[in-house]
Structures are given as structure tokens and as C-alpha cells.
Amino acid sequence: MFDALSERLGSIFDGLTGRGALSDKDVSEALREIRVALLEADVALPVVKDFVEKVRERAVGEEVIRSVKPGQQVIKIVYDALVDMLGSDEEENHLRVDTPPAVVMMAGLQGSGKTTTTGKIAKRLADRGKKKVLLASLDVRRPAAMEQLAILAKQAGETVSSLPIIPGQLPADIARRALQAAKIGGYDVLFLDTAGRTSIDEQMMSEAAEIAAIANPSEVLLVADALTGQDAVETARRFHERLPLTGLVLTRMDGDGRGGAALSMRAVTGLPIKFLGVGEKLDGLDAFDAKRVAGRILG
Ligand code: GDP
């Protein structure tokens with residue numbers, strides 16, 4: 001693991017094995033390499049700076065362990081700090097859908113993978129938790145998105161259904177109807193797939209805020225495309241200002257990116273990352289694992 005960065009750090013620490021403590025100078029050189037590695041992984045600059053300072057505090061003065069090369073020792077410190085920052089509390093990363101009907105509201109920009117992710121989480125809850133799940137699309141301006149959700153519900157399993165579409169209803173009315181249907185139908189979980197736009201606008205935000213007020217969701221998940229890097233961070237910041245977000249889902253983690261957006265979004269919002277999208281199919285969803293993502297960011 002971490003071969004590339006290990007090699008770079010190895011040469012900095014050559015000759016240091018097994019003597020004294022890590023000096024300020026040794027650590028500073030190592031941190032320069034780590035800074036480059038994080039920027040290459042597409043972590044936002046302010047987050048990189050913050051992180052590097054945290055690692056400096058932990059590393060300087062640390063005794064060099066005789067049996068471990070100092071380069072490896074610093075890598076371990078960096079890795080542990082990354083895991084901490086990404087959030088390794090499994091309880092926090094877990095989806096809270098315990099009191100039926102639990103409402104999960106999905107938010108995000110158009111094309112982020114929001115509707116697909118709704119189908120994926122529904123399938124997971126149906127397969128693993130034997131939950132009865134209702135999906136409702138509130139994207140009244142895009143009939144195709146509503147139909148897409150209905151198709152996904154059929155694919156997600158026998159216990160997953162979609163709310164029948166009634167043309168002409170407003171999003172708030174659909175949300176109320178969905179809540180009613182979930183209660184009457186004995187559903188465990190109701191997903192509200194809110195409308196996305198290609199960019200953030202006031203109408204989308206006030207509509208989503210209204211839905212959140214009506215539905216009192218136990219989870220409000222922001223879905224963001226990991227490959228959009230810095231833009232994903234800005235998106236998270238803007239959504240977090242207006243909506244009572246409870247967690248993040250990063251999609252397209254099956255792509256080439258190193259996943260630095262995960263660290264940036266977590267650092268900027270403080271929200272737990274609940275899932276990672278790893279493919280187009282309905283089973284392309286992983287529970288978030290801070291250790292795996294930390295390893296990937298280090299490369
Ligand atoms: P929405 O507009 O946010 O609802 O986005 P969609 O759910 O319609 O997804 C847009 C496209 O991204 C579709 O072609 C999905 O199959 C694809 N997609 C969604 N999540 C992932 C993912 O995790 N990995 C990959 N490779 N593709 C994804």
C-alpha cells in the first residue's frame with residue numbers, strides 16, 4: 001500500500017532509521033511530499049493546508065521507532081490522520097431509518113446520480129434489512145426522471161414500490177401524498193427524490209427546504225459526483241447552508257479519481273459520508289469505509 005508516497009518519503013528519511021525523534025526539518029520535507037500527493041488526489045487546497053498542519057503537530061518530536069523506517073512511520077501518522085478526518089465512526093456513517101415510516105430525502109444536482117442512488121439504497125434496505133420501501137419522485141419538471149424512479153423501484157426488489165404519478169401536482173403535494181401512502185401502506189422507509197438542476201438556484205433550494213419542513217426526514221442526503229472534485233465541495237457548501245443535511249453520498253467512485261473530494265466535502269461540511277456509488281448498476285453501492293478511502297487518497 002502507498003508505494004509511490006512511501007518511496008518519496010523513504011529517500012527523505014534515508015539514514016535516519018532508529019535514532020532520536022523526528023525533527024522539524026525531516027517532517028517539513030515529508031509534509032511537502034504529502035501536500036503534493038493530496039493535491040494530486042484532488043483534495044481542496046484549504047483542506048490540504050489544514051490537514052498538513054495537523055500531521056505536523058502529531059509527527060514532530062515523535063520518537064523514531066527502531067523497527068520501522070521513519071518514512072513508513074510518517075505514512076502511518078498521515079494515514080491515521082486521514083482516517084480520523086474522513087470519519088471512522090461506524091455509528092455515525094450508518095443510515096438512520098429505524099422509526100417507520102422513516103423519511104430519507106435525496107438532494108443534489110442533476111446528473112450527480114441522485115435517482116440511481118435512491119434505487120441503490122432502496123435495494124440495499126430491501127435485500128439486507130427486509131424493509132418495505134416506497135420511492136417518490138418530486139421532480140415535476142422532468143417526467144422522465146419520475147419514470148426512471150418507477151423503473152428503478154421495479155428493479156430494486158419485491159418490497160420496493162414507487163408512488164403512482166399524478167400529473168400536475170406540486171412537489172409539496174406529492175410529498176404529503178407520499179407520507180400518507182407510506183403510513184397507510186405500512187412502509188418502513190420513504191424516499192423523497194427531490195428535483196435536481198444543472199446548477200444551484202434559489203428555486204431549487206427553497207423547494208427542497210419546504211419539502212424538508214413538511215416531511216421531517218430522519219436523513220437528508222446530498223448526492224455528489226466525486227469526479228467533479230472542487231465543484232463538489234462548493235456544491236456541498238451551498239446545499240449545507242440551506243438544507244438540514246445529515247449525510248453525503250459520493251458517486252462515481254468507480255472512476256479514475258483518487259477520491260480527494262470525499263475528504264474535502266467531509267472537512268468543509270463536517271457531515272458523515274454514508275455511501276459510495278461504485279457503478280451504474282443497482283448493486284454498485286458500498287458502505288463508506290474511511291480506511292479504504294484513506295488508502296486510495298494516499299495512492
Ligand atoms: P440524477 O440526475 O442526479 O438523478 O442522476 P442519475 O441517477 O440519472 O445518474 C446519471 C448517470 O450517472 C446515469 O447514467 C447513472 O447510471 C450514472 N451513475 C450514477 N451513479 C453512478 C456511479 O456510482 N458510478 C457510475 N459509473 N455511474 C453512475
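Just so you know, ligand 1 is whichever comes first in the structure, and atom 1 is the first atom listed for that ligand. Please read all numbers here as calculations on a predicted model, not as lab measurements.
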Answer yes or no: is there a side-chain heavy-atom contact under 4.5 Å between Leu109 and Thr198?
no
Does any non-hydrogen side-chain atom of Arg266 lie less than 4.5 Å from one of Pro272?
yes
Checking Lys120 now: which residues fulfil salt bridge (Lys or Arg N to Asp or Glu O under 4.0 Å) with it, not counting sequence neighbours?
none
Side chains of Ser137 and Arg142, donor plus acceptor under 3.5 Å:
no
Should Phe288 and Leu86 count as side-chain neighbours, where that means a heavy-atom distance under 4.5 Å?
yes
Around ligand 1, what residues show up once you keep those with a heavy atom under 4.0 Å from it?
Leu109, Gln110, Gly111, Ser112, Gly113, Lys114, Thr115, Thr116, Lys120, Arg142, Gln148, Thr251, Arg252, Asp254, Gly277, Val278, Gly279, Glu280
Salt bridge present between Asp127 and Arg124 (N-O < 4.0 angstrom):
no
